[in-house]
K.L.:
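Encoded as structure tokens, here's the structure I'll be asking about.
Below, chains carry the letters A, B, ... as their sequence lines are ordered, and counting in each starts from 1.
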Amino acid sequence: MSASEQRERLAELAPEKVEELDAEEEEDDQILPDLPNVDEHDEVRMRMAPNPNGPWHLGSARMPSVIGTYKEMYDGWMLCRFDDTDPETKRPDLDAYDEILEAVDFLGFEPDEVIKASDRLDVYYDHARELIDLGGAYTCSCSGEAFSDMKNSGEACPHRDKDSETVHEEFEDMVAGEYESGEMVLRVKTDITHKNPALRDFVAFRMIDTPHPREEAAEYRCWPMLDFQSGIDDHLTGITHIIRGIDLQDSAKRQGFVYDYFGWEYPEVVHWGHVQIDAYDVPMSTSTIIEKIEAGDLTGWDDPRAPTIASLRRRGIRGEAIVDAMVELGTSSSNVDLAMSSIYANNRDMIDEETDRAFLVREDGPDVEGAVTMPVSGGPDAAEPPVHPNHEDRGRRHVPVDDAVMLEAGDVPEAGERVWLKGFGCVRREDGALVATGDDLDVVRAGDVPVVHWAPADGPRIRLRTMDGDVTGVAEPGVVEYDEDTMLQFERVGFARLDDLDSDPAVAYYAHP
RNA sequence: GCUCCGUUGGUGUAGUCCGGCCAAUCAUUUCGGCCUUUCGAGCCGAUGACCUGGGUUCAAAUCCCAGACGGAGCACCA
């Protein structure tokens, strides 16, 4: 009886038990901790705030995974806000906006709304003007270094007590672009003697000479800093819960000063630590990946060696497998290591039942010992292994033997010894050839004969792209008859996604064992 | 230097608020067994953790103090 049949049957016999079952399941399903004070809000409203300075690496998947899962948990609302307010040092990549939204879609989530900070400068300017009226901001022409020195010793800078009229004039000049980069900033007046130096009078707006890459925003020169922009937007978009990294731990306190000036209430905040992923040599940073691609060390964002969402996607790993692993990490504020094996286990679980089997003999590549072609005599002309060992109804593959087969070097039997060619039968090595013995399966059960995969010597050539580099080999003929994008399990090798069958050799991407 | 935060097996996580049901949960990994014409899956089993030292208590992973270790911020980056 299948699970759904069991359920139906139970519903007939004891409806109240089904409810119990549901309640239990619901409890089990909640893998994320409750958000704080959810009851105090009509709707849980959250935002993800990516910087579109490049496509996403794997760590970036945590944001939509966790926020999206909370959205589902609370039937909430999710905004995607591109925080693209630095046209210079974190210069936006015009393609990244869509690439990021595609990645979110791949992970199985959809934002309820998408906005770009660079469309909203006038909103930020208006709030700055209001803040100046409230006595909460001042224009400052100190050099960064000079201000830092004063700030660290708890001294106010001479510009702090300017009258608001002057501040307004100077701010309007900033907006008009009449200062050069570095000449003038607008600071939020917090508490210059606050015991935490990180909270003392922070910059809200600065001048940037480099035009924004988006045409719509190219004329602006006066740009808000993250703490100001993000704080204003969170309030205006009605965000109730902010979930972000520990690098922004002090932001809530900094922005709290602005909220106090405006009489706003700060959202609930959850901070999580950094996530590192094992199994990669390449550091998980957008800039490092860009460098590696430019240097030719990686073939692109979807190179199997790149720790990116695009890479896992090309390898045939489902977004859901990534999301589940990310959600399992929880929202702890300490740094965590995500094991790729966890993503692999999730994915295997999802695809194993529906993935057809095939043979691939690896001949050359990292950690590959080589392959050997050996003549075969006796036995049938072809082997007919099942398409899927658990599903006989899916039929059998047809793998011709053609007088010679290829074996991985490690599978070649010693002279006089036997191996079982999967789907074909038992053979013994005699004078450099493999001779069918006619033994039945009992010899395998007895543990005397290893079972190995093999391929016809003239089978299609395959290039398998892996995290460790490219592996070439020979497959059974049926492999190139599939559609591209199909997942296959190369027996004793691992799962792979067929990528390009028109090229020679045909290309597949290795997913995981 | 100043200020915050954290520390449960290899990895992640539950439990910590409100001390006892915790000789500590679940997942993954690793290893073994069964099954299986592979690997995987499935089933069974094993290994493996409360940062350290004090204190409070009948009782501490949980409360208190001190320390160690780790992380983050103190940017005209996000």
Side-chain angles (χ1 to χ4, degrees), chain A residues 28 31 33 49-53 83-86 88-92 117 140 142-145 147-148 151-154 179 181-187 194-200 202-208 222-223 225-227 229-230 244-251 253-254 271 273-278 286 324-330 332-346 348-349 351-353 355 357 359 383 385-386 389-390 411 420-426 440-445 449-454 489-495 512-513:
Chain A
D28 288 348
I31 356 117
N51 179 336
N53 63 336
D83 282 352
D84 54 350
T85 56
D86 180 0
E88 203 165 83
T89 51
K90 293 218 169 158
R91 189 172 173 76
C140 170
C142 292
S143 72
E145 203 180 328
F147 185 86
S148 177
K151 181 206 65 182
N152 285 336
S153 51
Y179 296 103
S181 167
E183 275 189 320
M184 187 69 82
V185 298
L186 184 77
R187 289 184 186 282
H194 196 285
K195 64 174 181 169
N196 184 348
L199 308 187
R200 299 173 189 165
F202 61 91
V203 173
F205 287 84
R206 83 295 208 189
M207 304 302 299
I208 294 180
C222 174
W223 286 89
M225 299 288 290
L226 174 81
D227 275 324
Q229 172 264 124
S230 163
R244 63 184 167 205
I246 45 170
D247 46 330
L248 267 18
Q249 268 176 134
D250 291 328
S251 279
K253 287 174 191 156
R254 266 199 288 259
H271 289 113
H274 297 289
V275 59
Q276 303 176 58
I277 301 191
D278 68 355
T286 304
D324 288 352
M326 288 294 172
V327 165
E328 278 161 22
L329 293 181
S332 146
S333 67
S334 44
N335 294 346
V336 296
D337 289 332
L338 172 62
M340 277 306 287
S341 59
S342 164
I343 293 178
Y344 296 157
N346 291 341
R348 191 158 49 225
D349 214 32
I351 67 171
D352 183 49
E353 277 298 304
T355 303
R357 271 50 176 170
F359 293 149
N390 299 357
D411 289 336
W420 187 285
L421 300 182
K422 164 133 179 61
F424 177 81
C426 188
D440 68 19
L441 200 53
D442 290 337
V443 298
V444 172
R445 295 206 172 97
V449 177
V451 178
V452 302
H453 63 288
W454 54 279
Q489 190 205 53
F490 290 123
E491 304 189 35
R492 299 178 71 218
V493 175
F495 290 85
H512 49 73

K.L.:
Using 30° and 60° as the class limits, which term best fits the ring planes of A:Phe424 and A:Trp454: parallel, tilted or perpendicular?
P.N.:
perpendicular
K.L.:
If the P atom of B:A46 is compared with that of B:A27, how far apart are they to the nearest Å?
P.N.:
14 Å
K.L.:
Decide yes or no on side chain to side chain contact (heavy atoms under 4.5 Å, CB included) for A:Ile246 and A:Asn335, but give the supporting numbers first.
P.N.:
CA-CA 9 Å; A:Ile246 45 170; A:Asn335 294 346; 3.6 Å; yes
K.L.:
List in chain and number order the residues that pass side-chain hydrogen bond (donor to acceptor under 3.5 Å, both in side chains) with A:Asp352, two or more places apart in sequence or in another chain; answer none if no residue qualifies.
P.N.:
A:Arg357
K.L.:
Mind checking if A:Thr85 touches a base, just sugar-phosphate, or nothing, with heavy atoms under 4.0 Å?
P.N.:
sugar-phosphate
K.L.:
Roughly how many Å apart are B:G53 and B:C58, using the P atom of each and rounding to a whole number?
P.N.:
22 Å
K.L.:
Starting at CZ of A:Arg244 and ending at P of B:C5, how long is that distance when rounded to a whole Å?
P.N.:
15 Å
K.L.:
Remember a base hit wins even if backbone is also touched, and classify A:Ser251 as base, sugar-phosphate or nothing at under 4.0 Å, heavy atoms.
P.N.:
nothing
K.L.:
I'd like to check the salt bridge (Lys or Arg N to Asp or Glu O under 4.0 Å) partners of A:Asp411; sequence neighbours left out, ordered by chain and number.
P.N.:
A:Arg492
K.L.:
Given the P atoms of B:A61 and B:U52, what is the spacing between them in whole Å?
P.N.:
11 Å
K.L.:
Mind listing the closest non-hydrogen atom pair of A:Arg187 and A:Cys140 along with its distance?
P.N.:
NE-SG, 3.5 Å
K.L.:
Work out how far the C1' atom of B:A59 is from that of B:G6, and round it to whole angstrom.
P.N.:
28 Å
K.L.:
Mind checking if A:Lys90 touches a base, just sugar-phosphate, or nothing, with heavy atoms under 4.0 Å?
P.N.:
base
K.L.:
Starting at the 5' end of RNA chain B, write a dot or bracket for each base, bracketing those in Watson-Crick or G-U wobble pairs whose two distances are under 3.5 Å and using | for partners on another strand.
P.N.:
(((((((..(((.......[.....))).(((((.......)))))....(((((..]....))))))))))))....
K.L.:
Reading nucleotides 25-44 of chain B 5' to 3', which nucleotides get B (base under 4.0 Å from a protein heavy atom), which S (sugar-phosphate only), which -?
P.N.:
---SS-------BBBBS---
K.L.:
Please give me the minimum heavy-atom distance between A:Arg244 and A:Ser230, naming the atom from each residue.
P.N.:
NH1-OG, 4.5 Å
K.L.:
Assign A:Cys222 to base, sugar-phosphate, or nothing according to its heavy-atom contacts below 4.0 angstrom with the strands shown.
P.N.:
nothing
K.L.:
Please step through side chain to side chain donor-acceptor pair (under 3.5 Å) for the pair A:Asp227 and A:Ser251, ending with a clear verdict.
P.N.:
CA-CA 6 Å; A:Asp227 275 324; A:Ser251 279; 2.6 Å; yes
K.L.:
Rounded to whole angstrom, note down the C1' distance from B:G9 over to B:A14.
P.N.:
14 Å
K.L.:
I'd like to check the side-chain contact (heavy atoms from CB on, under 4.5 Å) partners of A:Glu183; sequence neighbours left out, ordered by chain and number.
P.N.:
A:Tyr179, A:Glu180
K.L.:
Please report the distance, rounded to the nearest Å, between NZ in A:Lys253 and P in B:C2.
P.N.:
17 Å
K.L.:
Considering only atom C1', compute the distance from B:C18 to B:C35 and round it to an integer number of Å.
P.N.:
48 Å
K.L.:
Check A:Arg206 against A:Val185 and note the closest heavy-atom contact, atom names and distance.
P.N.:
CB-CG1, 3.9 Å
K.L.:
Could you tell me how far B:U13 sits from B:U28 if I compare only their C1' atoms? Round to whole Å.
P.N.:
11 Å
K.L.:
Assert yes or no for the condition that the ring centre distance of A:Phe205 to A:Trp223 is strictly below 6.0 Å.
P.N.:
no
K.L.:
Could you check how far OH of A:Tyr344 sits from C1' of B:G12, rounded to whole Å?
P.N.:
17 Å
K.L.:
In this structure, how many angstroms lie between the C1' atom of B:C76 and the CZ atom of A:Arg200, rounded?
P.N.:
19 Å
K.L.:
For the pair A:Ser148 (side chain) and A:Gly144 (backbone), establish whether a donor and an acceptor sit closer than 3.5 Å, ignoring hydrogens and angles.
P.N.:
no
K.L.:
Over all strands shown, is A:Gly273 touching base, sugar-phosphate only, or nothing at heavy-atom distances under 4.0 angstrom?
P.N.:
nothing
K.L.:
With rounding to whole Å, what would you report as the distance between B:U8 and B:C22 at their C1' atoms?
P.N.:
12 Å
K.L.:
Over how many whole Å does the gap from A:Lys195 atom NZ to B:U3 atom P extend?
P.N.:
7 Å
K.L.:
Is the number of heavy atoms from other residues, nucleotides or ligands within 6.0 Å of CD (A:Glu145) greater than 12?
P.N.:
no
K.L.:
Work out which heavy atom in A:Ala325 is nearest to a heavy atom in A:Ser342; give both atom names and the distance.
P.N.:
CB-OG, 3.8 Å
K.L.:
Strictly under 4.0 angstrom, non-hydrogen atoms only: write out the protein contact profile of nucleotides 68-75 of chain B, one letter per nucleotide from the 5' end, B, S or -.
P.N.:
---BSBBS
